[in-house]
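For reference, the structure is listed below as structure tokens.
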Amino acid sequence: MGGKSDNCRLDGKVVVVTGAGQGIGRATALALAQAGAAVVVNDMDKDAAHAVAHSIRADGGQAVAVMAAIGTDGAAETCVSAAADHFGRLDGLFANAGVLRDSVLWKTEDDAFDLVIATHLRGTFQCARAAVRQFRAQGGGGSLIYAASPAGQSGNFGQGAYAAAKAGIVGMMRSHALELARDKVTVNAIIPTALTRMTATIPALAPHVAALERGEPLPDNLRARHGIGTAQDIAPLVVFLASDRARGITGQCIGIGGDRLSLWTHPAELRIATQSGGWTTEALTAQWPDFSDGAIQPLGVPLAFD
């Protein structure tokens with residue numbers, strides 16, 4: 001699973017993985033353990049968390065399960081305390097827990113919007129805060145890895161709340177990377193693209209999720225062109241970022257999925273024009289066609305994955 005290389009061994013390290021009962025979280029928890037880390041396996045599903053922890057221990061690794069709903073008060077602190085109480089320290093945290101409540105703007109209810117924001121954005125903030133307090137108490141150092149999404153980078157139809165949360169996580173990551181540099185804490189966001197139960201709710205991906213569950217191989221085009229694979233394809237990047245080999249990497253958005261690895265740009269001014277004395281509506285209107293020609297940015301995650 002990519003964590004076995006001697007270059008990325010995690011022996012002696014302790015890592016919290018939220019939302020680790022299934023999907024990307026589960027695959028990552030197993031890979032971290034195979035690389036030598038002790039893992040705090042968090043999930044709101046008690047049975048799922050315990051099953052993953054049991055699997056790690058049965059394979060000779062170290063793990064403890066923590067049932068907590070990320071985004072609710074005290075959940076992050078419970079996960080971090082479990083690391084300190086059971087393994088004596090904390091070295092990394094993968095903020096992966098998430099939910100989907102997809103709907104178009106005019107059909108989105110407040111409670112659905114609030115749940116998505118609370119789980120993804122508030123939950124990542126709370127987990128990062130709790131982890132950093134532990135890192136600082138230990139004398140500094142550590143790795144924070146946030147789960148972002150293509151939806152947060154490009155938008156996606158029917159995913160306004162999810163896109164807002166994931167975009168917020170990326171912005172927060174950049175600020176945290178600056179704030180924590182003196183403490184030698186690295187902070188990065190990964191942009192995973194994988195077929196999971198969560199992506200099964202996306203109509204264009206649902207047939208591929210079903211095929212994967214039947215044990216059928218994924219089309220090469222899906223893996224190479226679109227960079228969409230399995231949850232196991234995501235885990236090696238998290239193992240790498242949690243390792244000492246990645247100590248110099250911080251403040252980055254890194255995409256992975258299927259056969260593809262990518263490095264995303266930071267937002268930056270693409271084109272600049274100046275107008276002495278400032279812009280009037282008339283001047284802006286006249287300038288806009290030439291100013292924007294060839295520079296309008298694409299929008300949205302692809303809706304077809306053939």
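Owing to the predicted nature of the structure, the values given are computational and were not obtained by experimental measurement.
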Salt-bridge criterion met for Lys13 and Asp244 (N-O under 4.0 Å) = yes
Is there a donor-acceptor pair under 3.5 Å between the side chain of Thr78 and the backbone N or O of Gly74?
-> yes
From Thr230 atom OG1 to Ile234 atom CD1, the distance as rounded to the nearest 0.5 Å | 7.5 Å
Which atoms form the tightest heavy-atom contact between Ala29 and Ala20, and what is the distance?
-> CB-CB, 4.3 Å
Is the number of heavy atoms from other residues, nucleotides or ligands within 6.0 Å of CD1 (Ile296) greater than 12?
-> yes
Which pair of heavy atoms, one from Phe94 and one from Ala147, lies closest together, and at what distance?
-> CE1-CB, 4.2 Å
Please report the C-alpha distance between Gln62 and His86 in whole Å, then the side-chain angles of each, then the deciding distance to 0.1 Å, and finally whether the side-chain contact (heavy atoms from CB on, under 4.5 Å) criterion is met.
-> CA-CA 10 Å; Gln62 299 180 77; His86 287 269; over 6 Å; no
Under 3.5 Å, is there a donor-acceptor pair between the side chain of Thr193 and the main chain of Gly227?
-> yes
Honestly curious: do Ile249 and Leu144 fall in one hydrophobic cluster under the side-chain, below-4.5 Å linking rule?
-> no
Sub-3.5 Å donor-acceptor pair from the side chain of Asp43 to the main-chain atoms of Gly21, do we have one?
-> yes
Measure the CG-CG distance between Leu241 and Asn188 for me, rounded to the nearest 0.5 Å.
-> 5.5 Å
Measure across Val185 and Phe135 and return the closest heavy-atom pair with its distance rounded to 0.1 Å.
-> CG2-CD1, 3.8 Å
Of Ile191, Leu93, Val187, Val170, the one forming a side chain to side chain contact (heavy atoms under 4.5 Å, CB included) with Tyr146 is Val187
Hey, is the main chain of Arg225 close enough, under 3.5 Å, to the side chain of Arg260 for a donor-acceptor pair?
-> yes
Closest non-hydrogen atom pair between Leu218 and His208, with its separation = CD2-O, 4.2 Å
CZ on Arg174 to CD on Gln252, rounded to 0.5 Å = 8.5 Å
Exam field: side chain Ser292 to backbone Ala295, donor-acceptor pair closer than 3.5 Å | no
Which pair of non-hydrogen atoms, one from Ala35 and one from Val239, has the smallest distance, and what is that distance?
-> CB-CG1, 4.0 Å
Atom CD1 in Ile190, atom OG1 in Thr28: separation rounded to 0.5 Å?
-> 6.5 Å
Answer yes when Asp233 and Arg223 have at least one side-chain N-carboxylate O distance shorter than 4.0 Å, and no when they do not.
-> yes
Hey, is CE on Met67 packed in by over 12 heavy atoms from elsewhere, all under 6.0 Å?
-> no
Hey, are Asp91 and Arg89 close enough for a salt bridge, meaning a charged N less than 4.0 Å from a carboxylate O?
-> yes
Walk me through it: do Leu100 and Tyr162 pass the test side-chain contact (heavy atoms from CB on, under 4.5 Å)?
-> CA-CA 7 Å; Leu100 285 180; Tyr162 180 70; 3.4 Å; yes
Locate the shortest heavy-atom distance separating Leu30 from Ser55; write the atom from each residue and the value.
-> CD2-OG, 4.0 Å
Separation of Ile228 CD1 from Asp259 CG (nearest 0.5 Å) = 11.5 Å
Kindly check if the number of other-residue, nucleotide or ligand heavy atoms within 6.0 Å of CG (Asp11) is above 12?
-> yes
Salt bridge Asp73-Arg122, side-chain N to carboxylate O under 4.0 Å | yes
Donor-acceptor under 3.5 Å (Arg129 side chain, Thr124 main chain) = no
For Val40, the option from Val17, Val16, Val80, Thr18 that meets side chain to side chain contact (heavy atoms under 4.5 Å, CB included) | Val16
Can Ser143 and Arg247 be counted as having a side-chain donor-acceptor contact under 3.5 angstrom?
-> yes
Backbone of Met172 reached by a side-chain donor or acceptor of Ser175 within 3.5 Å | no
Phe125 and Val132: same hydrophobic cluster, using ILVMFWY side-chain contacts below 4.5 Å?
-> yes
Is the backbone of Asp47 close enough, under 3.5 Å, to the side chain of Asp45 for a donor and an acceptor to pair up by distance?
-> yes
Heavy atoms of other groups near Arg182 CZ, more than 12 under 6.0 Å | no
Verify the cluster assignment for Val64 and Leu10: are they in a single hydrophobic cluster under the rule of side-chain heavy atoms below 4.5 Å apart?
-> no
Is there a path from Met173 to Ile24 through hydrophobic residues (I, L, V, M, F, W, Y) whose side chains come within less than 4.5 Å of each other?
-> no
Say you draw a straight line from CZ of Phe240 to CG of Leu237; how long is it, rounded to the nearest 0.5 Å?
-> 8.0 Å
Side-chain heavy atoms of Met44 within contact of Ile70, under 4.5 Å | no
side-chain hydrogen bond (donor to acceptor under 3.5 Å, both in side chains) assessment of Asp102 paired with Gln159 | CA-CA 5 Å; Asp102 292 353; Gln159 290 195 313; 3.1 Å; yes
Derivation and outcome, side-chain contact (heavy atoms from CB on, under 4.5 Å), residues Gln153 and Val301 | CA-CA 9 Å; Gln153 303 293 95; Val301 177; over 6 Å; no
Any link between Ile254 and Leu178 through a network of hydrophobic side chains (Ile, Leu, Val, Met, Phe, Trp, Tyr) touching at under 4.5 Å?
-> no
Trp279 side chain reached by Gln287 side chain, heavy atoms, under 4.5 Å = yes
